[in-house]
There are 2 protein chains.
Amino acid sequence: MANRKYAEVCEEVCTHPEILDRVKPDMPDEERLYDLAELFKVFGDTTRIRILYVLFESEMCVCDIAALLNMTQSAISHQLRILKQARLVRSRRDGKTVFYALDDDHVRTVIGQGMEHIEEKHGRKKS
Amino acid sequence: MANRKYAEVCEEVCTHPEILDRVKPDMPDEERLYDLAELFKVFGDTTRIRILYVLFESEMCVCDIAALLNMTQSAISHQLRILKQARLVRSRRDGKTVFYALDDDHVRTVIGQGMEHIEEKHGRKKS
DNA sequence: AAAACATATGAACATCTGTTCATATGTTAG
DNA sequence: CTAACATATGAACAGATGTTCATATGTTTT
C-alpha cells in the first residue's frame with residue numbers, strides 16, 4: 001500500500017514523478033497541517049471574527065461583547081470557549097464578570113493579511 | 001429596535017456603555033467581516049491547506065496534486081475551485097493539463113503566521 | 001470524426017458546526 | 001444561607017461542508 005498510489009489516479013503521462021519526489025519530503029507532518037487547518041477554522045466564522053475585532057480595541061466582558069454584537073450571551077460564551085482553546089484569547093476573572101482579551105499578536109497579523117488580500121482582490125477591475 | 005439591545009442581554013451594571021460607544025464606530029462593515037470569515041473558511045480545511053503547501057514548492061497539475069495527497073482527482077478539483085474562487089490560486093492550461101499555482105504572497109504570510117502561532121502555543125510548558 | 005485522457009461539475013450522502021434553550025457553576029450582596 | 005447576577009455548558013436542531021459517484025467538458029491524437 002506504499003507507492004502504487006501515483007498510478008491509481010491517472011496515467012504515467014500526467015504525473016511527474018520527479019516533482020512528486022522533490023515536493024513530498026518538504027511537506028510538514030500531517031499532524032501539523034491538521035492543527036493549522038483547525039486554527040484557521042476558528043478564524044472562519046463571522047461571529048468569532050467579530051469578537052476578535054472587538055477585542056482589538058480593548059478587553060471586554062462577555063456581556064459587553066454580546067450587547068455589542070447583538071447576540072445571545074450563550075452564543076458568545078460558546079464562541080469564546082473555542083477562541084480560548086485555540087489560544088487566540090485569554091480571560092481573567094474580576095468578581096462576577098470575566099474579561100476576555102487577545103492572547104497574542106499573531107491574531108492581528110493574520111487578520112490584517114486577510115483583510116489586505118480581500119481589499120486587493122476586490123479592488124481590481126482591470127488587468 | 002435600535003438601542004435597547006444593551007439591556008436585553010444583561011443588566012446595566014455589567015455593560016459599559018462608554019466602551020460600547022467607543023468600540024462600535026471602529027468596527028468594519030458587516031460585509032467585510034463576512035468576506036474575511038469566508039476567506040479563512042477556505043484555509044480551514046486540511047485538504048486545502050495541504051494543496052496550498054504543495055503549491056509552495058512549484059506549480060502543479062491536478063493529477064499530480066491528487067497523487068501527492070493520495071486523493072481522488074474529483075475531490076482535488078472541487079477544492080481547487082474553492083481556492084480559485086478565493087483568489088488564492090490561479091490556473092493556466094497547457095494542452096490537456098491545467099497547472100495551478102499560488103496567486104499571491106498573502107497565502108504564505110497567513111500560513112506562516114498560523115504556523116508560528118501553533119509552534120509557539122504547543123511549545124510552552126512553563127509560565 | 002472518434003478515441004483517449006485530463007479536468008470540471010452536479011447530485012447525494014454523511015459529517016461537522018453554530019445557535020438556541022434549559023440549566024449548571026461560580027461569585028457577590030444582603 | 002439565599003437571592004441575584006455573570007458566565008459556562010450539555011443536548012438538540014437546522015444549516016453548511018467535503019467526499020464520492022457518475023457524467024460532462026475540453027483538448028489532443030489518430
Side-chain angles (χ1 to χ4, degrees), chain A residues 6-16 19 33-34 37-52 59-86 89-101, chain B residues 6-16 33-34 37-51 59-86 89-101:
Chain A
Y6 294 172
E8 279 170 2
V9 181
C10 49
E11 305 313 310
E12 69 277 8
V13 179
C14 165
T15 53
H16 310 90
I19 295 186
L33 293 175
Y34 178 82
E38 288 300 304
L39 174 64
F40 287 124
K41 220 170 275 183
V42 175
F43 284 99
D45 174 79
T46 315
T47 300
R48 289 191 293 265
I49 285 279
R50 286 162 82 215
I51 292 176
L52 292 174
E59 72 171 7
M60 217 168 286
C61 73
V62 180
C63 200
D64 280 346
I65 300 173
L68 201 49
L69 304 188
N70 200 21
M71 290 186 68
T72 308
Q73 172 270 325
S74 177
I76 299 298
S77 190
H78 276 297
Q79 300 302 348
L80 283 170
R81 194 164 71 86
I82 294 173
L83 288 167
K84 196 176 176 183
Q85 278 170 184
V89 306
R90 59 187 146 75
S91 62
R92 77 179 170 86
R93 181 176 272 275
D94 179 19
K96 277 179 291 190
T97 79
V98 177
F99 288 94
Y100 282 85
Chain B
Y6 294 171
E8 279 170 2
V9 181
C10 48
E11 305 313 310
E12 69 277 6
V13 179
C14 167
T15 55
H16 309 89
L33 294 175
Y34 178 82
E38 288 300 304
L39 174 64
F40 287 124
K41 218 169 276 183
V42 175
F43 284 99
D45 174 79
T46 314
T47 300
R48 288 190 294 264
I49 285 278
R50 286 161 83 215
I51 292 177
E59 72 170 8
M60 216 169 287
C61 72
V62 180
C63 200
D64 279 347
I65 300 174
L68 202 49
L69 305 187
N70 199 20
M71 290 186 67
T72 307
Q73 173 269 325
S74 177
I76 298 297
S77 190
H78 277 296
Q79 300 304 347
L80 282 170
R81 194 166 68 87
I82 293 174
L83 288 167
K84 195 175 176 182
Q85 278 170 183
V89 307
R90 59 187 146 73
S91 63
R92 76 179 172 84
R93 181 177 272 275
D94 180 20
K96 275 180 290 190
T97 79
V98 177
F99 288 94
Y100 282 85

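Labels below follow one simple rule: chain letters A, B, ... track the order of the sequence lines, proteins then strands, and each chain is numbered from 1.
The side chain of Gln79(A) places an N or O atom within less than 4.0 Å of a non-bridging phosphate oxygen (OP1 or OP2) of dT19(C). At dA6(D), none of the side-chain N or O atoms of Tyr100(A) fall inside 4.0 Å of OP1 or OP2 (strictly under the cut-off).
Look at CE on Met71(A): it is 19 Å from P on dA6(D), rounded to the nearest Å. The separation between Arg92(A) atom CZ and dT7(D) atom C1' is 15 Å, rounded to whole Å. The distance from atom CE of Met60(B) to atom P of dA6(C) is 16 Å, rounded to the nearest whole Å. Put simply, CD1 on Ile76(B) is 11 Å from C1' on dT19(D), counting in whole angstrom units. The CD atom of Glu38(A) sits 13 Å away from the C1' atom of dT15(C) (whole-angstrom rounding).
Glu59(B) has its side chain within reach of Arg92(B): a pair of non-hydrogen atoms, C-beta onward, lies under 4.5 Å apart.
Partners of Arg90(B) according to the salt bridge (Lys or Arg N to Asp or Glu O under 4.0 Å) rule, which considers only residues two or more places apart in sequence or in another chain, are Asp103(B). With sequence neighbours excluded, no residue satisfies side chain to side chain donor-acceptor pair (under 3.5 Å) with Lys96(A).
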Between N or O atoms, less than 3.5 Å apart, protein on one side and nucleotides 27-30 of chain D on the other: list the pairs.
none

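Contact record, Ser91(A) with Tyr100(A): CB-CE2, 3.6 Å, taken as the closest heavy-atom pair. Between Asp45(B) and Ala37(A), the shortest heavy-atom distance links the atoms C-CB, 3.7 Å. For Leu69(B) against Arg50(B), the heavy-atom pair with the smallest separation is O-NH2, 3.2 Å.
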At under 4.0 Å between heavy atoms, which parts of nucleotides 9-14 of chain D does protein reach? Answer with one letter per nucleotide, 5' to 3': B base, S sugar-phosphate only, - none.
BB----
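With values rounded to the nearest 0.5 angstrom, Cys61(A) atom SG is found 10.5 Å from Leu80(A) atom CG. The distance from the SG atom of Cys63(A) to the CG atom of Leu68(A) is 11.5 Å, given to the nearest 0.5 Å. The CG atom of Leu33(B) sits 12.0 Å away from atom CD1 of Ile51(A), with the distance rounded to the nearest 0.5 Å. A distance of 8.5 Å separates NE2 of His78(B) from CD of Gln73(B), quoted to the nearest 0.5 Å.
Taken over five-pair windows at either terminus, the axes of the helix from dA1(C)-dT30(D) to dG30(C)-dC1(D) are inclined to one another by 20° (rounded to 10 degrees).
Listed in residue order, the members of residues 39-48 of chain B having a heavy atom less than 4.0 Å from DNA chain D are Lys41(B), Asp45(B), Thr47(B), Arg48(B).
Using a distance-only test at 3.5 Å, with no hydrogens or angles considered, a donor-acceptor pair links the side chain of Arg93(A) to the main chain of Gly95(A). Although no hydrogens or angles enter the test, the distance criterion places a donor-acceptor pair under 3.5 Å between the side chain of Arg48(A) and the main chain of Lys41(A).
When heavy atoms are screened at a 4.0 angstrom cut-off, Phe99(B) is found touching no nucleic acid atom at all.
Aromatic ring orientation, Phe43(A) versus Phe40(B): tilted (interplanar angle from 30° to 60°).
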